[in-house]
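Inspection log for the structure reproduced underneath, given as structure tokens.
Residue numbers start from 1 in every chain, and the chains themselves are labelled A, B, ... in the order their sequence lines are given, proteins ahead of strands.
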2 protein chains.
Amino acid sequence: MSQPSAPRKTPGRPARISRQDIIETGRRIVTEEGVDRLTMRRLAKDIGSTPMALYHHVRDKEELLVLLLDDYAARTMRRPELPADPRERVVVAAAAIHGALADCPWIVEVLTADDLMSTSALWFVEQIVDGLVECGLTPEQAVHGYRAIWYYTAGEIVIRTAAARRRAADERPTYREQVFGELDPDEYPRLAQVADRWAPLTSQDTFLVQLRALVDGLLIPR
Amino acid sequence: MSQPSAPRKTPGRPARISRQDIIETGRRIVTEEGVDRLTMRRLAKDIGSTPMALYHHVRDKEELLVLLLDDYAARTMRRPELPADPRERVVVAAAAIHGALADCPWIVEVLTADDLMSTSALWFVEQIVDGLVECGLTPEQAVHGYRAIWYYTAGEIVIRTAAARRRAADERPTYREQVFGELDPDEYPRLAQVADRWAPLTSQDTFLVQLRALVDGLLIPR
DNA sequence: ACCTGAACACCGTTCAAGT
DNA sequence: ACCTGAACACCGTTCAAGT
């Protein structure tokens with residue numbers, strides 16, 4: 001990451017707050033109260049300073065969020081033992097990324113703001129691309145394969161997080177429930193057939209089996 | 001959709017603005033200036049009314065956005081000719097959903113707010129689930145398969161839209177470019193190998209071939 | 001029933017000035 | 001160099017009142 005406030009050699013006034021203070025206080029607010037409560041004003045208040053002081057250490061709020069994501073990843077993404085089989089290695093590395101994101105729902109705000117998660121996740125990306133190459137893909141195909149896995153993973157997190165947030169906030173029946181209640185079985189026979197099982201089915205966590213399907217599909221020679 | 005302002009039978013003051021006015025004005029603002037510019041205040045001003053008048057016709061801003069998505073889908077999602085082969089049918093239906101979303105980047109705001117796109121997209125979901133069943137999946141597997149396709153599709157849109165927004169707004173080199181510039185080839189040999197091709201590779205549109213891979217993977221008997 | 005005006009409780013960020 | 005105070009230009013939404 002860029003370091004606009006890397007420790008200068010003495011001249012000028014000593015800093016009262018540091019990037020590290022900002023990150024730590026930001027992390028506390030986000031984990032305890034959610035990313036919606038993280039505002040520059042609130043952060044400044046908690047840190048005992050003014051909103052504008054923050055702008056001396058971070059460019060803007062988006063940079064702050066990326067910093068917090070980096071901090072989160074560095075703090076939690078421990079490298080797991082990976083299986084020798086390259087296909088399994090791809091699956092386990094992708095599942096590890098997914099697991100880290102799933103424990104950190106506020107991440108969605110930043111996901112949509114940057115395409116590569118964090119330097120701390122780079123090792124996992126390496127494992128995925130390398131595993132795909134070892135399975136016989138060209139490096140180019142492997143990059144595209146990684147991208148498909150990343151889209152699937154990010155999409156799962158974004159959609160599931162949104163669904164959970166809605167459930168938490170809402171009393172009213174979801175749009176989905178309304179739609180499935182009034183489904184015309186002549187026009188939508190298959191959906192009508194599964195209508196009453198839709199909610200339990202889609203709340204099942206099948207991330208891993210579908211991830212395997214995707215990886216298997218990517219590895220079919222073509 | 002719920003219709004809190006369905007036409008009442010005469011009593012009371014005649015409405016000066018209608019749900020339809022709100023949707024049309026909202027659509028104009030969003031398509032001409034982007035979803036960020038759509039505020040209740042701005043919409044009220046354009047419609048020649050006050051912010052609070054809007055709250056008589058929509059519950060809140062989120063409902064307004066869902067209404068706009070519905071309107072967009074009903075207006076643009078024409079049912080295409082579908083191939084007879086069920087596997088191809090799944091691919092074409094999913095690609096049609098993707099194409100509609102890709103032409104409408106502001107959708108991301110609403111995607112994260114509701115899990116099922118719109119009643120207008122229901123026919124496409126039916127085709128996907130039905131195609132998967134015809135290929136031999138159980139209805140339950142087909143629903144999970146649809147979900148995986150939806151995650152992949154939504155993830156692609158979310159990430160690509162975010163990347164485009166960043167490119168449009170930013171001069172500074174992306175985080176990604178910085179990371180790939182300083183990549184340690186000993187620690188990340190595979191990424192170092194593709195580092196200089198990463199940007200062109202990941203800007204290629206491979207949605208369709210990866211979608212096929214996913215569908216093929218979902219259809220492998222297991 | 002439908003709409004208005006004023007207010008509440010906020011935002012991110014810029015600017016000019018202070019130490 | 002680092003921080004402050006005041007201000008700019010906004011938000012979504014509630015409330016009480018008007019017609």
Side-chain angles (χ1 to χ4, degrees), chain A residues 3-22 25-26 29-30 33-68 106 109-110 113 165-166 169-172, chain B residues 3-22 25-26 29-30 33-68 106 109-110 113 165-166 169-172:
Chain A
Q3 300 280 348
S5 68
R8 298 247 161 201
K9 296 287 167 218
T10 45
R13 188 164 155 175
R16 253 204 272 284
I17 61 178
S18 69
R19 229 162 201 253
Q20 204 47 48
D21 295 336
I22 292 173
T25 306
I29 294 172
V30 155
E33 305 184 40
V35 74
D36 289 349
R37 301 290 270 276
L38 181 73
T39 67
M40 299 303 267
R41 288 157 193 267
R42 167 67 193 283
L43 179 54
K45 181 179 271 180
D46 280 19
I47 222 171
S49 183
T50 65
M52 279 320 298
L54 303 177
Y55 287 87
H56 255 269
H57 299 89
V58 299
R59 175 196 294 255
D60 52 23
K61 196 183 174 182
E62 178 163 328
E63 189 182 84
L64 172 63
L65 283 169
V66 172
L67 248 26
L68 285 173
W106 59 270
E109 307 298 316
V110 196
R165 188 164 38 196
R166 230 172 314 113
D170 257 9
E171 305 299 328
R172 51 181 165 170
Chain B
Q3 301 280 351
S5 70
R8 297 247 163 202
K9 296 288 167 216
T10 47
R13 186 164 157 173
R16 255 203 271 284
I17 62 178
S18 69
R19 229 164 200 249
Q20 204 48 46
D21 296 336
I22 293 174
T25 306
I29 295 173
V30 155
E33 305 184 41
V35 73
D36 289 349
R37 301 289 271 274
L38 181 74
T39 69
M40 299 303 268
R41 288 158 192 266
R42 167 68 194 282
L43 179 53
K45 180 179 270 179
D46 280 18
I47 222 171
S49 184
T50 65
M52 278 321 298
L54 303 177
Y55 286 88
H56 256 269
H57 300 89
V58 300
R59 177 196 294 254
D60 52 22
K61 196 183 175 183
E62 178 162 329
E63 189 182 81
L64 172 62
L65 283 170
V66 172
L67 248 27
L68 285 173
W106 59 270
E109 308 298 315
V110 195
R165 187 164 38 198
R166 231 173 313 114
D170 257 9
E171 304 300 327
R172 53 181 163 172

salt_bridge(E63(A), R19(A)) N-O dist < 4.0 Å: yes

G-U wobble or Watson-Crick pairing nucleotide for dC8(D) (cut-off 3.5 Å, both distances): dG12(C)

Watson-Crick/G-U partner (both atom distances under 3.5 Å) of dA1(C): dT19(D)

If I take atom [atom1] in residue [X] and atom [atom2] in nucleotide [N], what distance separates them, rounded to the nearest angstrom?
X       : N       : atom1 : atom2 : answer
I17(A)  : dT4(D)  : CD1   : C1'   : 12 Å
E63(B)  : dT13(D) : CD    : C1'   : 15 Å
E109(A) : dC11(C) : CD    : P     : 15 Å
D36(B)  : dA9(D)  : CG    : C1'   : 16 Å
K61(A)  : dC11(D) : NZ    : P     : 16 Å
R16(B)  : dG18(D) : CZ    : C1'   : 12 Å
R37(A)  : dC11(C) : CZ    : C1'   : 14 Å
I22(B)  : dC2(C)  : CD1   : P     : 12 Å

Heavy-atom side-chain contact between R42(B) and E33(B) under 4.5 Å: yes

Side chain proximity check, L38(A) to L68(A), heavy atoms < 4.5 angstrom: yes

Any residue of residues 40-55 of chain A with a heavy atom less than 4.0 Å from an atom of DNA chain D: R41(A), S49(A), T50(A), M52(A), A53(A)

Donor-acceptor contact below 3.5 Å, side chain D46(A) vs main chain L43(A): no

Donor-acceptor contact below 3.5 Å, side chain H57(B) vs main chain I17(B): yes

Option from D36(A), V35(A), L65(A) for which side-chain contact (heavy atoms from CB on, under 4.5 Å) with V30(A) holds: V35(A)

Same-atom distance (C1') from dC10(D) to dA9(C), integer angstrom: 13 Å

Reported CD-to-OG1 distance for the pair Q20(B) and T25(B), which is rounded to 0.5 angstrom: 10.0 Å

Phosphate contact (dC2(D) OP1 or OP2) by H57(A) side-chain N/O below 4.0 Å: no

